[in-house]
Every structure is written in C-alpha cells, then in structure tokens.
Protein chains: 4
Amino acid sequence: MARKSAASGSPDSEVESKSQRTRQRILDAAAHVLSVKGSAGTRLSDVAEYAELQAPAIYYYFPSREDLIEEVMFCGISDMRRHLQDALDALPAGTPPVDRIMAAVEAHLRHELELSDYATASIRNSGQIPEHLRSRERKESAAYGKIWHRLFDDAAADGEMSADLDPRIVQGLVLGALNWAAEWWDPKRGSLDSIVANAQAIVRSGISPADGATARRTPR
Amino acid sequence: MARKSAASGSPDSEVESKSQRTRQRILDAAAHVLSVKGSAGTRLSDVAEYAELQAPAIYYYFPSREDLIEEVMFCGISDMRRHLQDALDALPAGTPPVDRIMAAVEAHLRHELELSDYATASIRNSGQIPEHLRSRERKESAAYGKIWHRLFDDAAADGEMSADLDPRIVQGLVLGALNWAAEWWDPKRGSLDSIVANAQAIVRSGISPADGATARRTPR
Amino acid sequence: MARKSAASGSPDSEVESKSQRTRQRILDAAAHVLSVKGSAGTRLSDVAEYAELQAPAIYYYFPSREDLIEEVMFCGISDMRRHLQDALDALPAGTPPVDRIMAAVEAHLRHELELSDYATASIRNSGQIPEHLRSRERKESAAYGKIWHRLFDDAAADGEMSADLDPRIVQGLVLGALNWAAEWWDPKRGSLDSIVANAQAIVRSGISPADGATARRTPR
Amino acid sequence: MARKSAASGSPDSEVESKSQRTRQRILDAAAHVLSVKGSAGTRLSDVAEYAELQAPAIYYYFPSREDLIEEVMFCGISDMRRHLQDALDALPAGTPPVDRIMAAVEAHLRHELELSDYATASIRNSGQIPEHLRSRERKESAAYGKIWHRLFDDAAADGEMSADLDPRIVQGLVLGALNWAAEWWDPKRGSLDSIVANAQAIVRSGISPADGATARRTPR
DNA sequence: AATGAATGAGACTTCATTCAT
DNA sequence: TATGAATGAAGTCTCATTCAT
C-alpha cells in the first residue's frame, strides 16, 4: 500500500542508491503513520519502527520531525495533482467537461484509495498541521483546487451544470465526498470500481441541469 | 459557536448548579480544542485556558484526559443523532423518502456547521482516537448510520433512487460531502443556506433514477 | 557557600514565599554547577540534584535551561557591581584614588571568594556562553568595567599612577589577577585576608609612580 | 594562530608523513575549539569541521574524544613549560632573580597570546575538565608552577621581593593576571608589546621591597 | 586513510497527572 | 472547588562512537 512518492522528480528508475531508498522508506513510513494517527499523534519512534530503523537515524535524512511531516504533506498533494493532471491530459481533445469531471473523480478516488498513504495523510491532516508547515503544501493545494475549479467552470459554461448550483460549493461537496471515502471504505467490503461508478453517477446526474425537475427547497 | 451538549439528558433547565456549569464549560472547551487540533493534539492546558481555569481543575470533573475526550466524542455523535431524529420526526407523516433525505441533509449540515463544535470534533476525530475510547461512540455512530441507511433504503424501495446505485456507497459519499464541509466552509464567504441548497440539489438529482440518461462509465 | 542573589531587589526580608525560596534554591544550584562545570557542562539534572528536586520542576520557575543560565550570569555580575559600588560609597569623601582602588580590590576578592558562586560562575563563563545569552550580562559587565576604569583614570589624573602605565591594560591585568584567584585559592591553605593583603600591596606599589626607579624593560 | 604542538618531541623536521600531518591538524583544531568553547562545549563535529574532515576520521588518530582533549591539555601546559624554560635558559648566568621574573612574564604572555591555542585551551580548561583527564596535565602543571615558585623564592631570598609578600600568593596573582589576558586582549586594540611592558612594570615594582612605603591595609 | 550510514546513551523539554492546601 | 507546586513518563533531538566499505 505504501508507495514511493515521485517527489524526486526523477523517472522511476530502479537504480536508486541505498541511501535514497532508506530516505524513501522513512518517508513512506511517515506517510503511513501520519495517515493513521494524524499530525500530532505521529511519533518518530513509530515512524522508525515502521521503517525498520532507530529513531535517530531519521535525522540523518530529515532535519526535524516537522520537516519530515511537511515533506509528506507536500508529496501527498503534489503527487495527487500530478496524477490528476496526467489523467486529464490523457483524455482525447474535445472531451466534454462533464466527462472530464468523471475522469477526475476516478483519478482522485483511485489515487486516494488505491495508491497512496501520502494522499490520505495529506487529506486527513491538511486542517490540523501548524500553519508554518503549510507554505509548500498550501501552494500545491491551491493549484490542485484550481484544476477542479476549471473543470466545474467549464461544465457550467457549457451548460452541462445546472445554473442553480454554485461551482465553488459543488466543488467542496464533491471533493468532500471523495476525500471522506478514505474514512469508511473497506476494500474487503466493496470494490473500488463500484465506488468509482457510484461516485461518477451521482456527480454526473447530481450536477446536470435538471430536466424540468429543478431542485426544490425543502420546506422548513 | 460553542454550545452546551445536551448530554446530561436534562431538559435545558436554567437551574444548573455552578458545578454543572463548570463541567459544561470544560466539555465545551474540549470540544472546541478537539475540533481544531485533533485528538492527539489536544492538550489539557489548552482546554483549561479556553475554559478559563487551571488544568488540574479538570480532574475534579473528569477522571482523565481520555475520559474527557471520550465524552466529547460521544456527545458529538449523540447530539447529532438526536438532532437528526428530531428533524425527521417533525416531518409530516407520508413525507416521501427523498424529501426526508433532503431534511436529513439540511439537519446534518446545520448541526455540523452552525451549532456544534461537538459535531466537528466527533466527525474529524472518529478515525483517529484510540480504539478503547470508541465503545460508546461507536454504538451511537452505528445508530446514526442506521438512520441514514433506512432513508436511502426507503428511497430505493420506493423507486426514488436509481437502481444503479448501491445505497451503502451512496450513504458514504453523501455523508462525506456533508462532513467535509466543516473543512472548507467559511461563514464569511458564503451563506450556510446556499450550501444547504446546493447539497440538497446535488443529492436529490444525484440519486434520482435517471430520466433516460443513465450514468455512463468513463471510458478508460 | 551558595548565597541568595539580591536580584529580586527586595530588601533581604526573610519572609519569602516557599515558591520564591525554591526558585532561589534552583538559581543557587545553577550558579554552583555553572561555576564548577562551565556553561556547556551544566546539566539540568545536576542542577536539580543540587537543588533537591526533579529536573522538570525547574521549568516551573524558568522557561528554559538557557534562561536559567542567563539569569545566573546576570545576577553574578550584577551583584558584584552592587557590592563594589556599596564598598566605594562607604568610603569617606576625599579618599584618595589609590585607597579607593585598594577598597575595590578587597571588595572584588571578598565577593568572589567568600560570598558567591554567582560571581565565580559569571567570571568563569563570560567568555564561553553563547552570544545571545549575553545581552543583559554584557551591559552589567560594561558598567562594572566602567567603575574600575574610573578608579584607574582618577589615580592617573592625580599622579598616583605611573605615567608609563596604560590604565586600560592595568585594569585588565589587575582584574585578571583577582578573577583568577577563584581558580587556585584554597581556603584551607591560606586565609582570604592574606590574599587581600598581598593583592593590595602588589597593586598599590605596582602602579605607584616609580620613586626614581622607573620600570625598566627587560632586555631582549 | 593555530600552531603545531611540539608534543611529538621530534625537532621540527619537515619530513612528516601525511598521516602525522593530519593528526596534527586534528590536534590543532581541537586546541582551537577547546580554547573557544571549553571542554564540555567541544564537539567532535566542530573539531572535524575546523580540521576539514569528517568526525569519524578522528578515531583513526585518537581513541576517543576524551583522549583528544587530554592530549591538547597536556600539550598546552607542556609546550608552555618548555617555552618558559628555554627563555630562562637563554638568560646570561647571573641574571638577577627579578630580571628572570621579567623574562618569565614576557615568555608566558607571548606564548599564551601570540603562539598557541594550546596554551589558551590549557589555561581556560584546567579547572573544568574531569579529574580523570588530568593526570599528565597535572604533573606538567605542577612542574610549571615549580619553575615560577623558584623564581619568586629566589627573589625573596635575594631581598628583591618585599618581605610582606607571600611568594605563593604572589605567584597566584601574577599568573592570574597573565592567564586572564587571553580573556580580554584584543590584538586589534593594543600591541602585545605594550601588554608585556605594563605587566612587567607592575610586577617589578609590585613585588619590590617598598622604599619606605609599605603597603597599608585599607581601613574597613 | 577516510567516509557514509547507523546506533545508543543521554540531554532538554512537554505534558498528564497527583497532592497538599 | 480550585490552584500552586511537583513529578514521572515519554518524546524530540544531539552527539560520541561504530562499522562496512
């Protein structure tokens, strides 16, 4: 489940030095612990145990616990963005906005649930880490949001989204639905494919301009 | 924003002893800190400061930090359930399933965003507190889930939900969308009403049986 | 040997709260350890042991190890200055400069050797503590030096000091002789009185204008 | 300012192996760091940096940090003694005791201030290193003291020193004045020559039998 | 001869918790 | 009922030291 982050930017060459691999092992371990215990609950001894070395060894690769956490958070959102961008870039030119959104939903869910402790760590902790650890993460996060933002704006512009909806709010709700999946999804009790399908279906018809039946307000 | 939990079970009688009020102040403070810093990041000294007393005073009201956290978590989900149940009970008999869902969406969002640090604390930390603090919370949580479960099942049974959808998954996605709102909603940048409206609209048309336009899978 | 520093500025009332006494005990212990082990060698556990409490208790009174050290250093030089100033103020008006120097020599030696670990700590460590701990200490230190400076300048102005001598250098040498006494003086092997007498004698005739016999340079 | 210690005993032959030179570089670096940071504050990584190699390399030349420190301390005092002895031996036979003292004062000051981090390290740390590192150093130190002791005793025997003075105490004070110079002397603000001259003048007339003007005690 | 990598001991510091008042 | 004072456990981090290369 843990996976090396592509943070180094290098092509996934298998010829990494032992040192690089150890550093990666620590980062992976940190992502894992972080995704489970949260920022404040992440102890270096746990990370070390998971990475199969002694805690002080971490300091050979990272200047401090905070730097380690910061890097995990950054990799999490950064990898996610790359993953999403790749998925969108792979679509044929002229793919209609809503179908692009479908692709994005799938990319987000698969990356989050299938691939990466980093994504989970990043998602779960973005609201809890101290401000000063967020400068890089915040920038990436904004960039990630902007991609989604454009998706919904395009859909709205093309009349593929109900005019009643506020694209920003829709984006918050949709991403929330996807993000939260990490909290409840149990691979043993349902396939990832089915989640993807359900999410896509709801989002597609959820945002599509009503066919006559405009969303009515609940009477209060 | 902080609010007293109705955990004591007593109707909101104004005749609370000073002792009861202090206890409540501590609990409120704990809910607030917990909702912001997370379970592991919550320090008794922070709670005490927020409650305007000294940390050791907390021990006069709660046996330990863990008990305090446990109680907040329990109150959070327990209040939420009561709130939701009240909202549903208030609906006229014969309200169609989908409209009941709309009411539930609104109740959940308003309780979470408007009323209660407890709800936020409970939502944010349910995945991070140690297992042994979750026995009461888990039971309430299951009960809460069951209410929603029934809502979606009823909708499905009445043909008001697309047969393509898996009610459990839909529930996860919908509740995720609602829960996550606490992470991004900024009261200064958008009314709660508009969030409620958008969420209801998406859920309503998102689950409704497609009028011809079945959700298509994204080609991969 | 340890002694309470007069840092509080309060008259030496014996009615100090228990808290104040504990704080003083810690400060005294720190002065002692510091004077023996040096700045870098001073461990909080040693201070705590000497003060008869547990190391973390120190944090109830001082924000950090550095603050504790800084305060000892400050008290050391600050007390010393007060002591010297008091001794000089006690001299009858019109006391000739050289006699004032004699009084200063005695005051410095007695304070250093008889009264205060603080003085020793301050003297021994002024060259070894990190710069950022020296702001207050440096100011006091400069003020202390200025007192001596005036003493020698006055002596020179009154013709009581050989014109061959550079007052600044003489000051350095004289204070060095006095400061270093803490390194070698063993109360068991010589009275403090005799050190005072010897130091005074050497300084008095050492700086007095030669009676014909000007200091000759050693032929090289 | 750093300088190779003659500890190896070999005359300054230019034919030192690279290994010997590296060892010397480490020793010099240690002397430097020790003279600035003190015994407890001296980190092997600092020494290594100053010697331009990695910390573990030190272990190729010295069994441990303590051994390294011990050797610096020993070299410091040992070089000093040799330097002083050489200076005294160079004096013409029959040089009067006081002039021998003048020569000693000059030798001590020049060695300390001009030549050697070792001397400074040795002087500054003799009171702070743990006992078990002092066996060799203590012996040399005693021998060094004995030289001075004889100088003052001779002066006293020849009537060149005031009978009021205690030779041991005078020695302590004089050496203190000289040792302490390292703490305050700034080559940029005064020539070494002037310090030597001032020190000699003070010591010469400071110890010389008073010409009528016996040192009076300060009235208290 | 020297270094990169890692470890164990021990330091400073935080924090939940206790206890006397 | 609440606090000031103190403690013990545990976490982060530093540093001397080791070891394979």
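Just so we're on the same page: letters track the sequence lines, and every chain starts at 1.
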Would you indicate which nucleotide in F:dC13, E:dA5, E:dT13 comes nearest to any side-chain atom of C:L44? E:dT13

Which one, E:dC12, F:dA2, E:dT7, comes nearest to the side chain of B:A57? F:dA2

To the nearest Å, give me how far apart CZ (D:F62) and P (F:dT18) are. 16 Å

When rounded to whole Å, the CD to C1' distance for the pair C:E49 and F:dT7 reads 16 Å

Taking only N and O in the side chain of C:S19, is any of them less than 4.0 Å away from OP1 or OP2 of F:dG4? no

Nearest whole Å is fine: how far is F:dT17 C1' from A:Y60 OH? 15 Å

In whole angstroms, how far is the P atom of E:dA1 from the CD atom of D:Q20? 11 Å

Between E:dC15, F:dA6, E:dT7, which one does the side chain of C:T22 approach most closely? F:dA6

Charged tip of C:R136 within 45° of C:F74 ring normal and under 6.0 Å: yes

Length of the OH-C1' vector between A:Y61 and F:dC13, whole Å: 17 Å

Rounded to whole Å, how long is the line connecting atom CD of D:Q54 with atom C1' of F:dT17? 15 Å

From E:dT14, F:dA16, E:dT18, pick the nucleotide closest to the side chain of D:R43? F:dA16

For E:dC12, the Watson-Crick or wobble counterpart (both distances under 3.5 Å): F:dG11

Note: A:R65-A:E70 ion pair, threshold 4.0 Å (strictly below): no

Can you check the B:I69 CD1 to E:dT17 P distance for me, whole Å? 9 Å

Using the closest heavy atom to pick a nucleotide of DNA chain E for each, name whichever of B:E66 or A:E52 lands nearer the 5' end. A:E52

Quick one: look up who F:dT21 pairs with, Watson-Crick or G-U, both distances under 3.5 Å, and put none if it's unpaired. E:dA2

With no hydrogens and no angle check, is any side-chain donor or acceptor of C:D117 less than 3.5 Å from a backbone partner on C:D28? no

C:Y59 atom OH is separated from F:dA9 atom P, nearest whole Å, by 18 Å

5′-ward residue of the pair A:S45/C:I58 relative to DNA chain F: C:I58

Of the listed nucleotides E:dA5, E:dT18, E:dC15, the one nearest the side chain of A:K18: E:dA5

Electrostatic pair B:E71-B:R23, nearest N-O below 4.0 angstrom: yes

Please pick, from F:dT17, E:dA9, F:dT7, the nucleotide with the shortest atom-to-atom distance to any side-chain atom of A:P56. E:dA9

Closest-nucleotide mapping onto DNA chain F: is A:T42 or D:R65 further toward the 5' terminus? I mean the 5' end. A:T42

Sequence neighbours excluded and cut-off under 3.5 Å, please list the side-chain donor-acceptor pairs for residues 35-42 of chain C, or say none.
from: C:S35; atom 1: OG; to: C:A31; atom 2: O; distance (Å): 3.4
from: C:S35; atom 1: OG; to: C:H32; atom 2: O; distance (Å): 2.8
from: C:K37; atom 1: NZ; to: C:D46; atom 2: OD2; distance (Å): 3.4
from: C:T42; atom 1: OG1; to: C:G38; atom 2: O; distance (Å): 2.8

